[in-house]
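Convention: sequence-line order gives letters A, B, ...; per-chain numbering from 1.
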Amino acid sequence: MNVVEQVQAKLKEEIKAAVLKAGLATEEQLPDVILELPKDKANGDYSTNMAMRLTKTAKKAPKMIAEELIANFNQSKASIEKIEIAGPGFINFYMNNSYLTELIPVILDAKDSYGASDFGKGEKIQVEFVSANPTGDLHLGHARGAAVGDSLCNVLAKAGYDVSREYYINDAGNQINNLALSVEARYFQALGIDKEMPADGYHGEDIIGIGKKLAEEFGDKYVNMDEQERFDFFREYGLKYEMAKLKQDLENFRVGFDVWYSETSLYQDGKIDAALAVLKENGHIYEQDGATWFRSTELGDDKDRVLIKQDGSYTYLTPDIAYHRNKLERGFETLINIWGADHHGYIPRMKAAIEALGYNREQLEVEIIQLVHLYKNGEKMKMSKRTGKAVTMRDLIDEVGLDATRYFFAMRSADTHMDFDLDLAVSQSNDNPVYYAQYAHARISSILRSGAEQGISFEGVTDFTAVSSEKEIELLKKLGEFPQAIAEAADKRMPHRITNYIFDLASTFHSFYNAEKVLDADQLDRSKARLALVKSVQITLKNALALIGVSAPEKM
RNA sequence: GCGCCUUUAGCUCAGCAGGAUAGAGCAACGGCCUUCUAAGCCGUCGGUCAGAGGUUCGAAUCCUCUAAGGCGCGCCA
């Protein structure tokens, strides 16, 4: 707990004590104390709506309750300067904010770890995201999912959760057969031999590239080979090539995974049969029309689902159920899946499966990433993997820039539909809010450099009471909010809240910067204290940007 | 037809599980660099929070209905 949290906790405690002492409510009736940060400074540093919430139990007017509460409030223990009743019955606290300067040494000392908390109490959470089929390039939607997923994981980890990031590799099933046939066709075509693409083939540029590469490397070696042997080779080669590329692309996007989980391994380890056995044992399975069904309608789905098709093969759902069972068996208390909006209809059956396996359906959370629509030359671009005309994640990063792309996706809540105007993002890239935040960081770096040149340093300074102007107090308050901002973003699975925080902090800093000068040889003590303040801002900004995978440049 | 998502300033979006006069950015307009980075700051303009009911001290926020747009509803993945 930092100073800010301590003060808040103390305030809440005193409010509670005052309510009880005034006899406004019994211990059982007492609602949780809600402390708000008033938007308008005129309403104090903190305010509580306690008086309004007690109108029912106390059977009195809110203002009267507020007066009684204040009369019984022990003011001596907290750094309170003034208490006022305002509006319909708000109790506003005006603080002596000098205690906030205690934050500075705390942040300087914590460095990279500032913002961390034990909010999550080490809860084991598994986050599965991207999980794109290895059959083509990552496109816009994957990029959004990757940015949101990675940011969420960072935020969860910082807030004290034990996070595992996983990518489920769909390396079994039809789409991989189609991949093999597509690679085969492109290989023949690269050699000038006419060969048709399979009906559900993958038409992406990357597959054409594989074909060319194979033709260059191996010539016509595979043309007259046994068909099955050739198929197996192309399948294996295509898969490896695609996976390597996916990993590289994600790495370039600053997105990493702890576990790459292979669907094929579920077959090999007998995990699918094991999962089916559990479902059967629990009475959720029946046979009909030569297929094996999951009676998911009993668990909230709108249709029963086929698990084993007439031809004996599994549907997509079956290994996925086995994978989710495996996740739970590994001891994760919560599973978060980040899916594209086109898969949202899949949620009820997966939740049904979790329940059918004997777990709590609430353990599975699904975050839906809404569609991204790309606009270029004022026209909406269609995204289709099949035709291969989709804009890839790589294209996007090349055009817009890595930091801007990450920030842009992180900025919006995942469940809003998103229009991405490429022309705007490229032509006005300097207007992107990411630069606003990075600029604040670079400015601070510049001040620190100047300080070093002038021989002014905050090393050894222990008294920061010189930090006391209005702008400085605002900065300190903002700095103090950081751990809570992270905890809240984690709790609500809303990483975009972090960009709000970043913007606020950068804005508060820019405002301070324009109002007050940090380095002043005539006021050495104040300069040193301000230098330390500014350094704290830099640390916090950098940590916040790191959460969303954005760099913090020293110069711009 | 059913389900999920969205609807807030001219445009793109925030709005912290119900709070005080609904906020930013861009766009428009007016100021601020002999001083640590003007990719910045300060100000002005701009709103029937899609619409209608309901819940209560109090609703952009919660509930119901309606409208508009998007996405899903396979023995595809």
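Distances shorter than 4.0 Å separate none of the side-chain N or O atoms of A:K39 from OP1 or OP2 on B:rG15. Between A:T416 and B:rA14 there is a side-chain N or O to OP1 or OP2 distance below 4.0 Å. In this structure, A:S511 reaches the B:rC42 phosphate: one of its side-chain N or O atoms is under 4.0 Å from OP1 or OP2. For B:rG40, the OP1/OP2 oxygens have no side-chain nitrogen or oxygen of A:N514 closer than 4.0 Å. Taking only side-chain nitrogens and oxygens, A:R497 comes nearer than 4.0 Å to OP1 or OP2 of B:rG15. Put simply, A:K309 has a side-chain N or O that comes within less than 4.0 Å of OP1 or OP2 on B:rA77. The side chain of A:R443 contributes no N or O atom lying less than 4.0 Å from OP1 or OP2 of B:rA39. Between B:rG74 and A:K303, a contact under 4.0 Å exists linking OP1 or OP2 to a side-chain N or O. For the OP1/OP2 pair of B:rA77 and a distance below 4.0 Å, the side-chain nitrogens and oxygens of A:Y314 include no atom meeting the criterion. Contact between the side-chain N/O atoms of A:Y439 and the OP1/OP2 oxygens of B:rC41 is not found at any separation under 4.0 Å.
The residue A:F503 sits close only to the backbone: its heavy atoms come under 4.0 Å of sugar-phosphate atoms, none of a base. Residue contacts for A:A291: at a heavy-atom cut-off of 4.0 Å it reaches a base atom on one of the strands shown. Within 4.0 Å (heavy atoms only), A:M418 reaches sugar-phosphate atoms of the nucleic acid but no base atom. The residue A:N49 sits close to a base: some heavy atom pair falls under 4.0 Å. Nucleic acid contact class of A:D419 (heavy atoms, under 4.0 Å, all strands): sugar-phosphate only. The residue A:E453 sits apart from the nucleic acid: no heavy atom pair falls under 4.0 Å. In this structure, A:Q438 reaches neither bases nor backbone, as no heavy-atom distance under 4.0 Å exists between it and the strands shown. Note on A:S413: only backbone sugar-phosphate atoms sit closer than 4.0 angstrom, heavy atoms only; bases stay farther off. A:D415 comes within 4.0 angstrom of the backbone, heavy atoms only, and of no base.
A 3.5 Å limit on both hydrogen-bonding distances identifies B:rG25 as the Watson-Crick or G-U partner of B:rC11. Across all strands shown, B:rC57 pairs with B:rG19; the Watson-Crick or G-U wobble distances both stay below 3.5 Å. Taking a pair to require two hydrogen-bonding distances under 3.5 Å in either a Watson-Crick or a G-U wobble arrangement, B:rC41 pairs with B:rG31.
The side chain of A:N43 lies closest to B:rA20, out of B:rA20, B:rG40, B:rA38. When distances run from any side-chain atom of A:Y316 to the nucleotides B:rC75, B:rA77, B:rC57, the shortest one goes to B:rA77. Here the nucleotide nearest the side chain of A:Y435, chosen from B:rG15, B:rA39, B:rA20, is B:rA39. You'll find that the side chain of A:Q370 is closest to B:rC5, out of B:rC5, B:rC75, B:rC57.
For B:rA20, its base sits under 3.5 Å from the side chain of A:N92 at one donor and acceptor pair at least. A donor-acceptor contact under 3.5 angstrom links the side-chain atoms of A:H417 to the base of B:rC5. The base of B:rA77 does not come close enough to the side chain of A:T315 for any donor and acceptor atom to sit less than 3.5 Å apart.
With the nearest nucleotide of RNA chain B identified for both A:P348 and A:A86, A:P348 has the one nearer the 5' end. The 5' end of RNA chain B is approached more closely, in terms of each residue's nearest nucleotide, by A:S507 than by the other of A:S507 and A:A172.
Remark: P of B:rG25 and OH of A:Y407 are 12 Å apart, rounded to the nearest angstrom. The separation between A:R526 atom CZ and B:rC36 atom P is 15 Å, rounded to whole Å. One can place CG of A:D302 at 12 Å from C1' of B:rG1, the figure rounded to the nearest angstrom. At whole-Å resolution of the value, NE2 in A:H142 and C1' in B:rA77 are 11 Å apart. The CD1 atom of A:I368 sits 17 Å away from the P atom of B:rG3 (whole-angstrom rounding). Atom-to-atom, NE2 of A:H343 to C1' of B:rA77 comes out at 6 Å; the value is rounded to the nearest Å. Distance CZ (A:F420) to P (B:rU12): 15 Å, rounded to an integer number of Å. Rounded to whole Å, atom C1' of B:rC26 lies 11 Å from atom CE of A:M411.
In this structure, A:F512 and A:F509 have tilted ring planes: the angle between them lies in the 30° to 60° band. Using the six-membered ring where Trp is involved, A:Y168 and A:Y323 have ring planes that are parallel, under 30° apart on the 30 and 60° scheme. Ring geometry for A:F294 against A:H284 counts as perpendicular: the plane angle is over 60°, on a 0 to 90° scale with 30° as the lower cut.
For B:rC33, the glycosidic angle deviates from 0 by 90° or less, giving a syn base.
A:T135 and A:E242 share no side-chain donor-acceptor pair at under 3.5 Å.
A salt bridge is absent between A:E166 and A:K327: the closest approach of a Lys/Arg side-chain nitrogen to an acidic carboxylate oxygen does not fall below 4.0 angstrom.
In this structure, A:R412 is positioned above the aromatic face of A:F408, its NZ or CZ under 6.0 Å from the six-membered ring centre and within 45° of the axis. Taking the ring axis of A:Y513 as reference, the NZ or CZ atom of A:R443 stays within 45° of it and closer than 6.0 Å to the ring centre.
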